[in-house]
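Working notes for the structure below.
Convention: sequence-line order gives letters A, B, ...; per-chain numbering from 1. Side-chain atoms are counted along with the backbone in the values below, which use heavy atoms only and exclude waters and symmetry mates.
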Amino acid sequence: MTVKQPEQRELRYDPKPIEEKWFARFQGDPTLYAAEPRDSKRKKYYVLEMLPYPSGALHIGHVRNYAIGDALARYMWMRGYNVLHPMGWDAFGLPAENAAIKSNVPPKEWTLRNIAHMKAQMKRLGFAYDWSREITSCLPEYYRWNQWFFLKLYERGLAYRKNSKVNWCPECATVLANEQVLSNGCCWRHEETPVVQRELEQWFVRTTNYSEELLRDLDELEDWPEKVRTMQRNWIGRSEGALVDFKLDGPAGRAGDKITVFTTRMDTIFGATSIQLAPEHPLVADIIGNDHHLRAKVEELTREQRKAREAGDVGGIEKHGVFTHRFAINPFNQEKIPIWVANYILLDYGTGAIMSVPAHDERDHEFAKKYELEIRVVILPRRVGEPPPSDREDNALLPYTEKESLLINSGEFNGFSNEEAIEKMTAYAEKGGFGKKTVTYRLKDWGISRQRYWGTPIPMLYCAKCGIVPVPEDQLPVLLPDKVQITLQGGSPLAQAPEFMNATCPKCGGAARRETDTMDTFVDSSWYFYRYTCAQLQDRALDTDTVDYWFPIDQYIGGIEHAILHLIYSRFWTKFMRDLGIVRNSEPVLRLFTQGMVIKDGAKMSKSKGNVVSPDEMVERYGADSTRAYSLFAAPPDRDLDWQDAGVEGVHRFLSRVYRFVMRYAYCAREEKNSKSGPQGALPPEARAIQRKLHQTIKRVTDDFQGRWHFNTCIAAIMEFVNELYGAEEKIASGELPAAVVADAERRVVLLLAPFAPYLAAELWEALGETDNLLRHPWPEYDPALAKEEEIEYPIQINGKLRSKITVPADSAEDFVRDGALADEKVRAALEGKQLVKTIVIPGKLVNLVLK
RNA sequence: GCGAGAGUGGCGGAAUUGGCAGACGCACCAGACUUAGGAUCUGGCGGGUAAAACCGUGGGGGUUCGAGUCCCCCCUUUCGCACCA
């Protein structure tokens, strides 16, 4: 056998020409990542990354997001699945309008330019997307379906218009939905701009119709992070209780003759010693009448609340209130109790009015102490197995808010437990016609009106004769006018465009005015991922059967920031589409993965902090493969990642080592084409060691893809193996090691690398003499028999401390291992003068000797 | 205040079910090859010691032959929620 000389010339890994070469080839091969099922009987895998907002260039955090999804897509593809992996972002292609205006570029052009730039970046990074499925939501085709869905919502009474107080971001110059206001009271897009309240006519979507289902189905989403499920539960905020009417004592006002309160603690109603109204409760104006002093006081309370709300710290407000000089009647005992107005009562939760029970509610207690209101105990702790305690007040316990309780001072309900009392008292109220069992939700309807120019126009007309009239389906899409004056002065710029504004009423043929509000961009993002399955469809929004094949999404990957925005809206939209009969699934996403943020210099990457790492720069310096591999190597994907440029260099060095090794010894594979099944027959120990490590490495990498996605340890395992190959380099170069072993190792390492460094893998695959596309090559299998160690090193512990090590054949019996351990020199020395109390042998793990 | 994570060398992080703590990488140190090295290769690298012993996974206790891992108490930190009646 002739010994081939390894490649002698200096081999330098230069990613640039390699990536350019394969970039061109990938582009020329539209079938490479095609989503058309290769075989409809195969299992499918739909993987999608969550959309970052295309307000500028990609930063390295996005790259990490895509790198995770891309590695999965490639792996599943090699596993033989039909993979759908479309772009996540461009469906969301509505720009920060202001940014466009400030840069003096028309918004549409600005959007398309942004998208083109990002697309170029994505392509350069080599992400395996199906580019034939692009959707760009700023284009007329997408408007059509958004508007069509809106008409369906309207037909079903799920879209309505109402005048209400809304959140307004001065920076965006538009309205925001509740979900789009951060907990610090600022806008989700402008994290330092406080949102203010405005009163406006707005279009709403009745998400609350699905509150119950949105909540209930969270239980089924077992493969969602618990954190996201909890956030959604809190956001929906279901609360079971009852409504109770308290009649006004004295004359009725315009807003009625009673105050309805919501309570979850009906059992404490005999302890109600006042009624508290929200400052903006409609009855307040009625009952304070023309009392200037009271009116001023209420205005002050309103201001305090508004200020706290705008600061996002309603919890920190100092409780203030004022007595209205009016009374209400407790329907349970006909007692007259004072009506107050308080700044901590919120109009938009429950009914905006509460019964105050100072003895059994912390807030009421604090308030009553401050204003010296009566505190009356009506429940006592129940002591199991003991007779009910006496009616003595125990002030140290107050407020007593536990549910484990027993009623006192409550008329005919004395002696009942909390649970029984709530049930009986609610029934009593229902029977008496002054109350009823009810459930309230914190979730509000979704306000979708935006006063932007750039967005899907809401397809509605206002006719003087016919009122609100929907645009007929055959007139869709309603398109935006080309030229408008954008002033950001509030109100939609569309109102200044007469050619847009003036329309004909489809009912009476008279003059009509068009709705000038456009839709929230979250409407687009609520269903864009469905459209990917049938992007070219002309006559319908979606094809039900195609959607049914791909849905639900198998894996959605993104940041936590959409937990209660996009992820609630899209769940709602799915249920709505299911009820329309367009889709068959009730949930859009089977598994959700929230990856960590990328941290740089101790802070979250953001433009305002100036710590953004640009992928372009990284690709220029180290290449796309090194950049994406580092984003997976530096930390497990669910944790935050601390970006260090030096780390990229390390990964780059590793890829260089792989490149040099494979290029140098590629001849082994080219010469050994006949033995692709791996080396046959008995191998010398060094060759066996390489083979064993190879199969162990395949197992480690495969296990992590199947299980917990710790891609950092996958890459580490491949590094270890490559180090081992270098350790045997002398023997490989001299031909001492069978070429078949080297060839086998090279081929499989390249395949293992394919999800993490696809350009390099493609180049090396070719160098190994392979002509097929490596994505079409099956993922390497490991052979447990070949991965098995032949010898095991047992650590010998004495009293739990490591003292020695022995090496025995892997299949040694326990006795043999024990005898071996006891025969060890160091062990015998330690045994000197001591008594062996116990010997513990854990097969395959260790030996522990207990001495006394 | 409530809820969920996290705390391991100089740094990022390994250790999936209790079984050799620090894999892999960065940084650093030494050496080789070099006119040169910001290339490459080899070796070292938790503290401590001449070498051992010994000490080491935020702190304190416990269970166990054996604890980063399990239990109890506490500290720090990140995120989310917070007058939700």
Side-chain angles (χ1 to χ4, degrees), chain A residues 10-12 183 225-231 233-235 237-239 241 261-265 268 276 278 305 308 312-319 342-346 348-357 360-364 366-367 440-442 560-561 563-564 596-597 599 630 633-636 638-651 653-654 656-657 660 700 703-704 707-708 710 712-723 726-727 729 793-805 837-842 844-851:
Chain A
E10 185 72 17
L11 284 166
R12 235 177 70 77
S183 58
E226 191 51 49
K227 182 175 187 166
V228 174
R229 296 205 282 170
T230 308
M231 282 167 78
R233 278 193 196 103
N234 289 343
W235 188 261
R238 183 181 198 275
S239 185
V261 303
F262 174 72
T263 178
T264 55
R265 292 299 303 271
T268 63
Q276 305 284 344
Q305 188 180 85
D313 187 26
V314 190
I317 197 170
E318 201 191 326
K319 290 184 183 55
N343 63 355
Y344 70 96
I345 307 299
L346 306 170
D348 53 9
Y349 185 79
T351 58
I354 63 154
M355 61 178 202
S356 175
V357 185
H360 306 297
D361 182 282
E362 270 172 43
R363 297 152 297 173
D364 295 347
E366 186 191 332
F367 192 87
T440 47
Y441 296 90
R442 205 184 94 110
I560 189 80
E561 66 273 13
I564 50 169
M597 290 181 305
I599 307 287
Y630 174 69
F633 175 67
D638 50 350
R639 272 218 233 165
D640 285 353
L641 181 155
D642 189 58
W643 190 271
Q644 296 174 355
D645 287 0
V648 191
E649 215 164 311
V651 171
R653 212 170 297 165
F654 160 65
S656 304
R657 277 161 71 80
R660 280 197 309 272
R700 282 171 69 181
D703 284 354
D704 264 349
R708 39 161 220 177
H710 279 198
N712 53 334
T713 55
C714 290
I715 296 172
I718 302 172
M719 284 173 170
E720 267 184 67
F721 181 63
V722 171
N723 289 347
Y726 269 91
E729 191 180 1
E793 190 183 54
Y794 275 88
I796 314 292
Q797 294 183 340
I798 291 175
N799 291 336
K801 296 206 166 153
L802 182 68
R803 283 294 176 263
S804 186
K805 289 182 180 185
V837 183
K838 201 173 175 185
T839 310
I840 295 146
V841 179
I842 311 293
K845 296 274 185 181
L846 54 41
V847 179
N848 192 8
L849 305 171
V850 186
L851 300 190

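Contact annotation: A:Arg708 reaches the phosphate of B:A15 (side-chain N/O to OP1 or OP2, under 4.0 Å). For A:Asn723 and B:G25, the shortest distance from a side-chain N or O to OP1 or OP2 is below 4.0 Å. Regarding contacts with the backbone of B:G80, every side-chain N or O of A:Thr230 stays at 4.0 angstrom or more from both OP1 and OP2. Checking the phosphate oxygens (OP1, OP2) of B:G80, no side-chain nitrogen or oxygen of A:Arg233 falls inside 4.0 Å.
Comparing B:G19, B:U42, B:A14 by their nearest atom to the side chain of A:His710 picks out B:A14. For A:Leu346, the side-chain atoms get nearest to B:A85 when compared with the rest of B:C20, B:U40, B:A85. With B:C20, B:G13, B:C26 as the candidates, the nucleotide lying closest to the side chain of A:Ala635 is B:G13. Comparing B:A14, B:U40, B:C65 against the side chain of A:Pro636 picks out B:A14 as the nearest. Among the nucleotides B:G19, B:G12, B:G13, the one closest to any side-chain atom of A:Ala634 is B:G12. Of all nucleotides listed (B:C26, B:A85, B:A23), B:A85 comes nearest to the side chain of A:Thr264. Nearest to the side chain of A:Val850, among B:G12, B:G80, B:C65, sits B:C65. Out of B:C83, B:G25, B:A23, the shortest distance to the side chain of A:Arg363 is found at B:C83.
Judged by distance alone, with hydrogens and angles left aside, A:Asn234 brings no side-chain donor or acceptor close enough to the base of B:C81 to form a pair under 3.5 Å. For B:C20, the base has no donor-acceptor partner in the side chain of A:Lys845 [N/O atoms by modelled type, under 3.5 angstrom].
Here, B:C71 and B:A23 have their P atoms 28 Å apart, quoted to the whole Å. Rounded to whole Å, the C1' atom of B:C41 lies 34 Å from the corresponding atom of B:U57.
A:Arg238 comes within contact range of no nucleotide atom at all, as no heavy-atom separation falls under 4.0 Å. Note on A:Ile317: a base of the nucleic acid sits closer than 4.0 angstrom, heavy atoms only. Residue-level contact check: A:Gln797 touches the bases, meaning some heavy atom is under 4.0 Å from a base atom.
Atom CD of A:Glu729 has more than 12 heavy atoms from other residues, nucleotides or ligands within 6.0 Å.
For A:Asn848 (side chain) and A:Val841 (main-chain N/O), no donor-acceptor pair under 3.5 Å exists by modelled atom type.
Going from atom CZ of A:Arg442 over to atom P of B:C81 covers 8 Å, rounded to whole Å. As a whole-Å value, the separation of A:Arg639 CZ from B:U8 C1' is 10 Å. Following rounding to the nearest Å, A:Ile842 (CD1) and B:U64 (P) show an atom-to-atom distance of 16 Å. Atom CG in A:Asp638 sits roughly 10 Å away from atom C1' in B:G5 (whole-Å rounding).
Contacts of A:Arg708 classified as salt bridge (Lys or Arg N to Asp or Glu O under 4.0 Å), with partners at least two apart in sequence or in another chain: A:Asp704.
A heavy-atom distance below 4.5 Å is found between the side chains of A:Leu346 and A:Gln305.
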Watson-Crick and G-U pairing of RNA chain B written in dot-bracket, each distance under 3.5 angstrom, with | for inter-strand partners: (((((((..(((......[....))).(((((.......))))).((......))..(((((..]....))))))))))))....
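Taking the six-membered ring where the residue is Trp, the centroids of A:Phe654 and A:Phe633 are separated by 6.0 Å or more.
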